[in-house]
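Encoded as structure tokens, the structure appears first; notes follow it.
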Amino acid sequence: MSGILVITEQTGGVWHKMSFETLAAGQQLGRELGLPVRACVFGKTTPSADLAAYQLDGVIAVEHELLEQYTADGATAALTGLIKELQPDYVLLPHTYQVRDFGPKLATRFDRVLLSDVIAFKVEGQSVGFERQLFQGKLNASYSSAAGAPVFVSLQAGAYRAEALVAGSAPVETRTPLLDASQIRQQPEAPFRESARAVDLSAAELIVAVGRGIKEEGNVPLVQELAEALGAELAASRPICDSGWLPMERQVGSSGQTVAPKVYLAVGISGAIQHLVGMKGSKCIVAINKDSAAPIFEVADYGIVGDLFDVVPALTEAVKKARS
Amino acid sequence: MKILVALKQVPARDSQLKVDAAALWLDESELSFEINEPDAYALEAALQLKEQHGGEVVVLCAGPERATSAIREALAKGADRAIHIEDDSLGAYDTLSLARLLAKAAASEQPDLILTGLQSDDLGSGQTGVVMAEVMGLPHATIIMAVEVDGASLRVKRELESGWFQHVRMPLPAVLTIQSGINKLRYATLMGIKKAKTKEVKVLTASELGVAPAATVRLQSIYQPQRVKQTQMIEGNPAQQAATLVEKLKFEVRAL
Ligand SMILES: Cc1cc2nc3c(=O)[nH]c(=O)nc-3n(C[C@H](O)[C@H](O)[C@H](O)COP(=O)(O)OP(=O)(O)OC[C@H]3O[C@@H](n4cnc5c(N)ncnc54)[C@H](O)[C@@H]3O)c2cc1C
Ligand SMILES: Nc1ncnc2c1ncn2[C@@H]1O[C@H](COP(=O)(O)O)[C@@H](O)[C@H]1O
């Protein structure tokens with residue numbers, strides 16, 4: 001085969017939602033290049049039948065006892081066999097934590113570099129450019145592949161929309177990869193959560209989130225006062241929670257909570273993708289940042305370029321006045 | 001145990017980034033540099049493991065001459081010695097050939113454990129450690145939040161998405177990619193800084209290691225991202241900005 005192979009992700013029969021974004025990207029690339037698109041899902045058993053409802057040239061379920069729990073060694077071995085056999089031109093993956101774990105290893109098996117965390121394809125004729133972010137989203141870069149098929153690409157969360165996925169029908173086949181327990185060196189234990197979440201930020205109407213621009217733990221009350229004046233929940237970027245300045249359960253982002261309040265006010269937050277995925281769905285985003293080039297302004301509806309230590313107290317005052 | 005820490009020097013976090021004339025990298029003339037953030041946590045994790053189990057912490061860094069300051073800082077914090085692959089043309093190496101270069105230098109040390117950061121702040125490809133593991137035939141795990149060593153095996157805490165975690169066991173030697181924030185970074189003491197000056201830094205070149213640059217992927221150009229969203233920028237002094245924002249929240253967003 002030539003064409004596009006989309007590797008999806010599921011755990012215990014539950015789809016990772018980025019699987020569908022990646023499938024949509026695969027369909028679009030397939031249309032633009034005139035290439036067939038197939039999807040693959042792996043596990044002990046898989047919900048492969050769900051994929052039969054999309055316009056795809058085939059769905060391949062790679063199923064094996066040893067794929068019951070994800071391991072980097074197991075996934076790599078199973079998918080290496082499939083890719084060798086299918087010889088796709090492009091292998092697309094969602095840039096999930098799991099793909100971060102095995103994607104580079106898989107690409108290395110083929111002497112390729114995974115073009116990771118890609119945000120867009122730029123197709124011109126038969127040549128494809130790959131757009132990625134550098135410096136935590138402060139700059140973009142365009143990459144090309146210089147080595148030919150297979151080209152491995154992982155796609156950033158939200159880069160393509162699952163809603164664009166075209167329905168249709170696709171034949172499903174199941175394969176059993178050649179796998180041996182001795183190939184798998186990682187022994188995973190059951191996933192767990194650290195704490196019962198006392199705070200459910202997903203229900204909040206208003207959120208004020210604080211980032212590393214706050215500089216010191218002792219300054220956090222400044223933002224807390226603003227949150228109180230607004231009647232908002234207080235949230236934070238990861239480094240604030242890592243430092244223990246606010247509890248983990250207030251962290252927004254890919255490893256924390258996903259929120260969609262009416263207003264999300266980001267104070268001193270740069271807007272790295274791992275933070276953005278947790279709050280991009282907010283109805284209205286306000287950003288206060290001293291750097292006019294901060295990536296947070298790319299998603300903001302309202303922006304204030306300024307020193308938070310001047311702007312936040314003034315804002316707290318103005319809110320109190322408006323409220324009284 | 002012998003622990004190798006792969007450490008990269010990157011532009012300091014709050015730098016103003018200027019694209020160079022060829023649009024292929026940054027104009028570095030006015031930049032200051034620092035240790036890539038997760039790598040600093042990887043170093044700290046290595047130093048703590050050494051405190052628990054004894055052994056040696058070796059820093060491995062590929063970079064131009066300026067990277068010496070990052071290496072000295074790591075030595076001042078307590079690393080025992082360093083290997084500096086000094087080369088001005090590392091831009092010609094893609095992640096695979098760079099990982100091969102690092103792996104080549106690492107292999108001759110025969111470490112029990114290799115720690116890398118999970119991602120570099122500049123290129124952000126998030127894969128050098130995983131590729132090193134594959135090239136060296138070692139098991140690995142990524143986005144690591146805690147490391148326990150018992151005898152010849154490891155038990156690590158991997159971060160999964162949305163607040164989930166998982167413990168994974170694997171045999172040593174192994175490669176781990178370390179997440180930022182997993183421990184509290186130490187500062188270099190005055191004593192440490194003094195001692196660092198006497199510690200060994202082995203300087204190697206890429207050609208001595210016999211790994212040629214290769215590019216299976218090529219960086220074509222770097223540019224400012226185009227803004228897709230129309231952001232209303234609120235001007236004025238802080239009091240005016242605050243008053244305007246409150247107006248907008250009240251009448252346009254209807255959230256107050
Ligand atoms: C696998 C992985 C998972 C991650 N998960 C998450 C996650 O769930 N949530 C998350 O948030 N991050 C996460 N991160 C980290 C993320 O990549 C960023 O490092 C982090 O979001 C940065 O936090 P920040 O914006 O607060 O800090 P910085 O990036 O340091 O930004 C600070 C900002 O404050 C501004 N500033 C400084 N001083 C002032 C001032 N006086 N006034 C106004 N503005 C000022 C600066 O201009 C800068 O833009 C993850 C990373 C990885 C690799
Ligand atoms: N030039 C380098 N020298 C030493 N270590 C590096 C270098 N480049 C990358 N690394 C390591 O690999 C990790 C991941 O980098 P990257 O794959 O570029 O995101 C970094 O956090 C470093 O630990």
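Lettering follows sequence order; numbering is per chain, from 1. Values below: every heavy atom of this structure, side chains too, minus hydrogens, waters and symmetry copies.
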>> One pair to check against side chain to side chain contact (heavy atoms under 4.5 Å, CB included): A/E9 and A/M18. What are the steps and the verdict?
In response: CA-CA 8 Å; A/E9 184 171 320; A/M18 281 167 68; over 6 Å; no
>> Out of B/S125, B/P171, B/A141, B/A243, return the one with the most heavy atom pairs under 4.5 angstrom to chain A.
In response: B/S125
> Going through the checks in order, is the side-chain hydrogen bond (donor to acceptor under 3.5 Å, both in side chains) test met by B/Y93 and B/D87?
Replying inline: CA-CA 11 Å; B/Y93 286 75; B/D87 201 307; 4.7 Å; no
>> Under 4.0 Å between a side-chain nitrogen and a carboxylate oxygen: does that hold for A/D73 and A/R185?
In response: yes
> What residues of residues 147-158 of chain B sit under 4.5 Å from chain A when you count only heavy atoms?
Replying inline: B/R155, B/K157, B/R158
>> Does B/E37 form a side chain to side chain contact (heavy atoms under 4.5 Å, CB included) with B/R13? I'd like the steps, not just the answer.
In response: CA-CA 9 Å; B/E37 190 177 25; B/R13 203 162 37 235; 3.4 Å; yes
>> Given heavy-atom pairs under 4.5 angstrom as the criterion, report whether the side chain, backbone, both or neither of A/S254 touches chain B.
In response: backbone
> How many angstroms lie between atom CG of A/L115 and atom CD of A/E131, to the nearest 0.5 angstrom?
Replying inline: 12.5 Å
>> Given heavy-atom pairs under 4.5 angstrom as the criterion, report whether the side chain, backbone, both or neither of A/T96 touches chain B.
In response: both
> Roughly how far apart are A/F297 CZ and A/D291 CG, rounded to 0.5 Å?
Replying inline: 7.5 Å
> By a 4.5 Å heavy-atom criterion (distance strictly below it), what part of A/V305 contacts chain B: side chain, backbone, both, or neither?
Replying inline: both
>> Please evaluate residues B/Q9 and B/R66 with respect to the criterion side-chain hydrogen bond (donor to acceptor under 3.5 Å, both in side chains), reporting the C-alpha separation (whole Å), side-chain torsions for both, the decisive distance (0.1 Å), and the verdict.
In response: CA-CA 8 Å; B/Q9 193 192 41; B/R66 62 164 159 76; 2.8 Å; yes
> Can you check side chain to side chain contact (heavy atoms under 4.5 Å, CB included) on B/Q166 and A/Q69, steps first, answer last?
Replying inline: CA-CA 11 Å; B/Q166 175 179 48; A/Q69 284 209 69; 3.8 Å; yes
> Can you check whether A/V259's main-chain N or O pairs, donor with acceptor, with A/S202's side chain at less than 3.5 Å?
Replying inline: no
> Judged by atom type as modelled, is there a donor-acceptor pair below 3.5 Å linking the side chain of B/E161 to the main-chain atoms of A/Y97?
Replying inline: yes
>> If I measure from the heavy atoms of chain B, does A/L206 come under 4.5 Å with its side chain, its backbone, both, or neither?
In response: side chain
> Measuring heavy-atom distances to chain A, does B/L219 have an atom under 4.5 Å in its side chain, in its backbone, in both, or in neither?
Replying inline: both
> Picking from B/E252, B/M170, B/K229, B/Q240, which has the most non-hydrogen pairs under 4.5 angstrom with chain A?
Replying inline: B/K229
>> Distance check, rounded to the nearest 0.5 Å: B/I114 atom CD1 versus B/L176 atom CG?
In response: 9.5 Å
>> If we define contacts as heavy-atom pairs under 4.5 Å, which of B/T128, B/T95, B/L245, B/D94 has the most with chain A?
In response: B/L245
> Once you round to the nearest 0.5 Å, how far does NZ of B/K8 lie from CD1 of B/I35?
Replying inline: 14.0 Å
>> Parallel, tilted or perpendicular: which one describes the rings of A/H275 and A/Y264, with boundaries at 30° and 60°?
In response: tilted
> How many angstroms lie between atom CG of B/L185 and atom NZ of B/K77, to the nearest 0.5 angstrom?
Replying inline: 5.0 Å
> Residue by residue, which of residues 16-24 of chain B have a heavy atom closer than 4.5 Å to a heavy atom belonging to chain A?
Replying inline: B/Q16, B/L17, B/V19
> With a 4.5 angstrom heavy-atom cut-off, which part of A/V263 approaches chain B: side chain, backbone, both or neither?
Replying inline: side chain
>> At a heavy-atom distance under 4.5 Å, which candidate from B/R254, B/Q230, B/Q241 has the highest pair count against chain A?
In response: B/Q241
> Quick one: what part of A/D117 sits under 4.5 Å from any heavy atom of chain B, side chain, backbone, both or neither?
Replying inline: neither
> For A/I184, is it the side chain, the backbone, both, or neither that has a heavy atom closer than 4.5 Å to a heavy atom of chain B?
Replying inline: neither
>> Please classify the contact between A/E205 and chain B as side chain, backbone, both or neither, with a heavy-atom cut-off of under 4.5 Å.
In response: neither
> Is the shortest side-chain N to carboxylate O distance from B/R100 to A/D111 below 4.0 Å?
Replying inline: yes
> Most heavy-atom pairs under 4.5 angstrom with chain B, which of A/Q251, A/E317, A/H16?
Replying inline: A/H16
>> Checking A/L93 against A/F102 for the side chain to side chain contact (heavy atoms under 4.5 Å, CB included) test, could you report, in this order, the C-alpha distance in whole Å, the side-chain angles of both residues, the deciding distance, and whether it holds?
In response: CA-CA 11 Å; A/L93 306 115; A/F102 77 84; 3.9 Å; yes
>> Under 4.5 Å from any heavy atom of chain B, what part of A/L265 do you find: side chain, backbone, both or neither?
In response: side chain
> Heavy-atom distance under 4.5 Å to chain B: side chain of A/D307, backbone, both or neither?
Replying inline: neither
> Is it the backbone or the side chain of B/I182 that comes under 4.5 Å from a heavy atom of chain A, or both, or neither?
Replying inline: neither
>> For the interface with chain A, which of B/V10, B/V130, B/T244 has the highest count of heavy-atom pairs at distances below 4.5 Å?
In response: B/V130
>> Tell me whether A/T11 contacts the main-chain N or O of A/V14 through its side chain, where contact means a donor paired with an acceptor under 3.5 Å.
In response: no
>> Working to the nearest 0.5 angstrom, can you tell me the gap between B/L118 CG and B/I143 CD1?
In response: 6.0 Å
>> Strictly distance-based, threshold 3.5 Å: is any side-chain N or O of A/Q257 a donor or acceptor partner for the main-chain N or O of A/V199?
In response: yes
> B/Q119, B/E159, B/K248: which one forms the most heavy-atom pairs within less than 4.5 Å of chain A?
Replying inline: B/E159
> Side chain, backbone, both or neither: which part of A/F309 has a non-hydrogen atom closer than 4.5 Å to chain B?
Replying inline: neither
> Between A/R109 and A/T76, does a side-chain hydrogen bond (donor to acceptor under 3.5 Å, both in side chains) hold up when you go through it step by step?
Replying inline: CA-CA 9 Å; A/R109 290 270 161 105; A/T76 304; 5.8 Å; no
> Is it the backbone or the side chain of A/P239 that comes under 4.5 Å from a heavy atom of chain B, or both, or neither?
Replying inline: neither
